[in-house]
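Okay, so here's the structure we're looking at.
Numbers restart at 1 for each chain; the letters A, B, ... are given by sequence-line order, proteins then strands.
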Protein chains: 2
Amino acid sequence: MDNYIKVKFDKIDRKILEILQANAKITNAQLSKDIGLSPAPTLERVKKLEQSGIIKSYHAKLDPEKIGLGVSTFVLVGLIGHNKTNIEAFMKEIDHISEVIECHHITGTGDFILKIISKDITSYQKLMLEKVSEIKEVDSMQSMVILSTFKDSKVLPIPA
Amino acid sequence: MDNYIKVKFDKIDRKILEILQANAKITNAQLSKDIGLSPAPTLERVKKLEQSGIIKSYHAKLDPEKIGLGVSTFVLVGLIGHNKTNIEAFMKEIDHISEVIECHHITGTGDFILKIISKDITSYQKLMLEKVSEIKEVDSMQSMVILSTFKDSKVLPIPA
DNA sequence: AATTTTTGCCGCATTAAATTCGGTAAATTC
DNA sequence: GAATTTACCGAATTTAATGCGGCAAAAATT
């Protein structure tokens, strides 16, 4: 019931997790029907899943284009040094940039991959020139502009 | 109030969107306090944001490790042909694979970038060999394994 | 294998939240 | 500047969440 890898949950919990990933706004009453329990134990299970940290949070998903965000990209970033100090300095800077919505440390081509979202190409360029490439630990950058997003699932495939 | 790019919303709506992206489980009563309106018009605004498609859906975010998902990757996929037929055939196959949680058509290095999540390296390899590389339109694949995720924000930076 | 203990469930009562509605004021249109 | 629409509030109502006592099944103990 704390902070470590892999927590136990049964088939019913699994179903709850699948449902809440797909639709967090479902009422407890409806959820209880869907899983075949009464509301009380259903709610208890959800609370436990939250307390155990299996469920971390709940979020509204917006349509980027409708709020004026027309350009999404992935950026491979190579750092100058691969030591802990540099990496931490880089991450600290990235943390401040709200347009960077993801940042992963990776193997392979680059050192980091970022997901960036911005208004248009102009503001994207500005962001890259004035903020990302200004971070002194950054060596190389390679942008991949998203032409279209075919799949963007918020449902993780929970292993059997 | 339909399907096209960029819908109008004011400063209050903007704040609602920021709050609901960060915490979809907030009560309408609390949300109304946070934005400085009474519950009734607050609810009305949220409903409108949903109906207009600005808010697309609500999702629970899980901790991948706690449900036994230890390996996440990005995969750059090059296709054999770049014609519409091939691309659509590829997407159709990808759609069936639940471990592929994202699929974007991109400019630059590859043709597509996928985000994949699986149990461990063994099951990842199996997935790649038996499912992804079996898709006949797939030419090249380059995997980037995520060593750690530093930022994974569900909050889009809504332009002013 | 019987007893104890724990776990998980249900139904009901209570509390809290969402939703509806009528009325009013501000903003917009004509 | 009158008419119309839009957006707000407060209060009443409906609906949902939550808390609790009791019961039954499963698990642990002896």
Side-chain angles (χ1 to χ4, degrees), chain A residues 1-63 66-68 154 158-160, chain B residues 1-63 66-68 154 158-160:
Chain A
M1 214 168 284
D2 60 300
N3 219 299
Y4 279 81
I5 292 172
K6 189 78 183 182
V7 185
K8 318 96 222 107
F9 53 90
D10 64 15
K11 225 155 204 176
I12 298 175
D13 291 321
R14 197 187 139 94
K15 198 161 183 192
I16 290 174
L17 293 173
E18 282 165 358
I19 293 170
L20 291 182
Q21 281 188 96
N23 173 23
K25 266 297 180 69
I26 191 174
T27 63
N28 185 61
Q30 184 58 49
L31 178 62
S32 71
K33 278 176 198 161
D34 291 358
I35 64 170
L37 288 182
S38 73
T42 302
L43 190 65
E44 202 180 291
R45 279 170 178 268
V46 172
K47 295 288 176 207
K48 271 187 192 157
L49 290 168
E50 287 168 359
Q51 281 161 11
S52 71
I54 294 183
I55 297 175
K56 295 176 83 167
S57 44
Y58 298 90
H59 306 274
K61 178 183 177 183
L62 310 188
D63 184 327
K66 290 197 174 150
I67 53 174
K154 301 304 177 195
I158 307 173
Chain B
M1 216 166 284
D2 60 302
N3 217 299
Y4 279 82
I5 292 175
K6 187 79 181 183
V7 185
K8 321 91 221 116
F9 53 92
D10 65 15
K11 226 156 202 172
I12 298 176
D13 290 322
R14 197 187 137 95
K15 198 161 183 192
I16 291 174
L17 293 173
E18 282 165 358
I19 292 170
L20 291 182
Q21 281 188 96
N23 173 23
K25 267 297 182 65
I26 189 172
T27 63
N28 186 61
Q30 185 58 47
L31 178 62
S32 72
K33 280 178 198 160
D34 291 358
I35 64 171
L37 288 183
S38 73
T42 301
L43 189 66
E44 202 178 292
R45 280 171 177 267
V46 172
K47 296 288 177 208
K48 270 187 194 159
L49 290 168
E50 288 168 359
Q51 280 162 11
S52 71
I54 294 182
I55 297 175
K56 295 176 84 166
S57 45
Y58 298 90
H59 307 274
K61 179 182 177 182
L62 310 188
D63 183 328
K66 289 198 174 150
I67 54 173
K154 302 303 176 195
I158 306 172

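We find the CZ-CD1 distance between B/F9 and B/I16 to be 11.5 Å, quoted to the nearest 0.5 Å. Here the CD1-CZ distance, from B/I54 to B/R14, works out to 12.0 Å after rounding to the nearest 0.5 Å. Considering CG of A/L17 and CG of A/L49, their distance stands at 5.0 Å, rounded to 0.5 Å. From B/L31, atom CG reaches atom CD1 of B/I19 across 5.0 Å, with rounding to the nearest 0.5 Å. Atom CD of A/E18 and atom CG of B/L62 lie 10.0 Å apart (nearest 0.5 Å). The distance from the NZ atom of B/K15 to the CD1 atom of B/I158 is 12.5 Å, given to the nearest 0.5 Å.
In this entry the distance linking CG of A/L37 with C1' of D/dC23 reads 16 Å, nearest Å. Put simply, CG on A/D10 is 12 Å from C1' on C/dT7, counting in whole angstrom units. Atoms CG (A/D13) and C1' (C/dT7) sit 13 Å apart, rounded to a whole Å. One atom, CD of B/E44, and another, C1' of D/dC9, lie 11 Å apart when rounded to the nearest Å. For the pair A/K11 NZ and C/dG8 P, the computed distance is 17 Å after rounding to whole Å. The CG atom of A/L31 sits 15 Å away from the C1' atom of C/dC9 (whole-angstrom rounding).
For the side chain to side chain donor-acceptor pair (under 3.5 Å) criterion with B/D13, the lone passing option out of B/K48, B/K8, B/R45 is B/R45.
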- Using a 4.0 Å cut-off on protein heavy atoms (strictly under), produce a 5'-to-3' string for nucleotides 19-29 of chain C with B for base contact, S for backbone-only sugar-phosphate contact, and - for none. SBB--------
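Judged by distance alone, the side chain of A/K154 and the main-chain N or O of A/K61 form no donor-acceptor pair under 3.5 Å.
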- Task: Would you sort out whether B/I26 and B/D34 count as a side chain to side chain contact (heavy atoms under 4.5 Å, CB included), showing the intermediate values?
- Result: CA-CA 10 Å; B/I26 189 172; B/D34 291 358; 3.6 Å; yes
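In this structure, A/S32 and A/T42 approach most closely via the heavy-atom pair CB-OG1, 3.1 Å.
Residues from residues 20-27 of chain A lying near DNA chain D, meaning a heavy-atom separation below 4.0 Å, are A/T27 in numerical order.
Closest to the side chain of A/K48, out of D/dA7, C/dG8, C/dG11, is C/dG8.
From one end of the helix from C/dA1-D/dT30 to C/dC30-D/dG1 to the other, with five pairs defining each end axis, the axis direction shifts by 50° (rounded to 10°).
Within a 6.0 Å sphere centred on NZ of A/K33, heavy atoms belonging to other residues, nucleotides or ligands number 12 at most.
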